[in-house]
There are 2 protein chains.
Amino acid sequence: MSRPCHHNHQEPIKLDDLTERLREKSQKITGPRQAILEVMRREAHPVTNKKIMALLPDGVCDLVTVYRSMHLLEKMGLVRRFDFGDGAARFELVRGNSEDHHHHLICTECTTVVEIEQCFPNALEKQISQESGFKKLSHKLEFFGICPECQS
Amino acid sequence: MSRPCHHNHQEPIKLDDLTERLREKSQKITGPRQAILEVMRREAHPVTNKKIMALLPDGVCDLVTVYRSMHLLEKMGLVRRFDFGDGAARFELVRGNSEDHHHHLICTECTTVVEIEQCFPNALEKQISQESGFKKLSHKLEFFGICPECQS
DNA sequence: GCCTTATTGCAAATGATTTGCATAAGGAGG
DNA sequence: CCTCCTTATGCAAATCATTTGCAATAAGGC
């Protein structure tokens, strides 16, 4: 009874929707935030703060502002945080249903990233919850391997 | 066709075995390394470098030596590295079959750790490998939740 | 437009981990 | 047991990612 994650890779998401969600939470819609969301919209895979900074038009804002913005966006559920194990946090825009989530497969040679459909089976997670007595379970799961390119 | 991880929590492992494995790889058996292995032997769950340092008898060695030793032990397969998402690496002694591995369930309130039997299903991982073309797949998986104590 | 409050920039602090380098300690061979 | 060569270690300082303090600035409601 496993239930794979659903994800909407390419589903377009309008900047207006995002700014609207910001407004709902009485957060100000500032230049840096709009620009950052604009960048995130274009990225298909998780990106680091430094990368976001680099993708931003020159002079939009400070790196510190990127950090602070990502914290805010994460807390608001607009982006999701990932850890690929290299010491730098990565963020990906949440598209569509915020309940959905997906995992990644990262090439340990070239760091190419591929989205994965498969998720940890719900039934198993439920079993873990029952056996341990823990509630509100969630998990962090990422895969690593050698991509086709790097196998030669 | 899922295949849960096997793990030998309490299986005793002799220091001699460990030093022997060190010797095989022509690494020196130094005081700090023996003391660190001794500490690791006693720990049931992953511990940070700082914690290892604290558990070591006073003056055994420098924190830097702990970092370097853990790198070595990890490379030699004597310990495994884990990331609980709080910015500090944690290590656990590999007991028994080095093929085995297990995951953890961490309480997000008090950081209590529980070992988990369930692992990501082999069949699904194989499927991911086939679909993506990636080889030598591995995964990092940790669970988070609220432990019984913290639910009240 | 004005005012209150959230936001930003910049510098500096943190925390984990790594590195350079001179000194000290394993251990193979005699 | 002693010597020599190599690996380890201590200590200080460098890196890296991320956070924080604070004064200056911009958003948005009224």
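Residue numbers start from 1 in every chain, and the chains themselves are labelled A, B, ... in the order their sequence lines are given, proteins ahead of strands. Being a predicted model, the structure only gives us computed values, none of them experimental.
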Original post:
Residues in side chain to side chain donor-acceptor pair (under 3.5 Å) with Arg90(B), at least two apart?
Top reply: Asp86(B)
Rounded to the Å, how far apart are [X] [atom1] and [N] [atom2]?
| X | N | atom1 | atom2 | value |
| --- | --- | --- | --- | --- |
| Lys28(B) | dT6(D) | NZ | P | 10 Å |
| Arg33(B) | dG10(D) | CZ | P | 11 Å |
| Met76(B) | dA8(D) | CE | P | 10 Å |

Original post:
Counting only side-chain N and O atoms of Thr30(A), is one of them less than 4.0 Å from OP1 or OP2 of dT8(C)?
Top reply: yes
**OP:** Please state whether the phosphate of dT7(C), meaning OP1 or OP2, lies under 4.0 angstrom from any side-chain nitrogen or oxygen of Gln27(A).
**Re:** yes
[atom1]-[atom2] distance between [X] and [Y], expressed to the nearest 0.5 angstrom:
| X | Y | atom1 | atom2 | result |
| --- | --- | --- | --- | --- |
| Lys28(B) | Arg33(B) | NZ | CZ | 9.0 Å |
| Gln118(B) | Ile128(A) | CD | CD1 | 4.5 Å |
| Leu141(A) | His101(A) | CG | NE2 | 7.5 Å |

Subject >> Pairwise ring-ring contact (aromatic ring centres under 6.0 Å, His included) hits with a residue in residues 68-93 of chain B, at least two apart >> reply: Phe82(B)-His104(B), Phe84(B)-His104(B)
Original post:
What string of B, S and - do you get for nucleotides 13-18 of chain C 5' to 3' if you count protein non-hydrogen atoms under 4.0 Å?
Top reply: ---SBB
Original post:
How about Arg42(B) and Glu38(B): do any of their side-chain heavy atoms sit closer than 4.5 Å?
Top reply: yes
Original post:
Is there a side-chain contact between Phe134(B) and Pro148(A), using heavy atoms and a 4.5 Å cut-off?
Top reply: yes
Original post:
Under the 3.5 angstrom rule, does the side chain of Gln27(A) hit a backbone N or O of Leu73(A) as a donor-acceptor pair?
Top reply: no
Original post:
Looking at DNA chain D, which of residues 51-62 of chain A put a heavy atom within less than 4.0 Å of it?
Top reply: none
Original post:
Could you go step by step and tell me if Glu92(A) and Glu115(A) meet the side-chain contact (heavy atoms from CB on, under 4.5 Å) rule?
Top reply: CA-CA 12 Å; Glu92(A) 192 175 77; Glu115(A) 244 97 40; 3.1 Å; yes
Could you list the donor-acceptor pairs under 3.5 angstrom formed by side chains in residues 47-63 of chain B, with sequence neighbours left out?
from	atom 1	to	atom 2	distance (Å)
Thr48(B)	OG1	Lys51(B)	N	3.0
Asp62(B)	OD2	Val64(B)	N	2.9

Between N or O atoms, less than 3.5 Å apart, protein on one side and nucleotides 28-30 of chain C on the other: list the pairs.
none

Original post:
So which nucleotide from dG27(C), dG21(D), dG10(D) ends up closest to the side chain of Arg68(B)?
Top reply: dG10(D)
**OP:** Could you label the plane-to-plane angle of the His139(B) and Phe143(A) rings as parallel, tilted or perpendicular, counting under 30° as parallel and over 60° as perpendicular?
**Re:** perpendicular
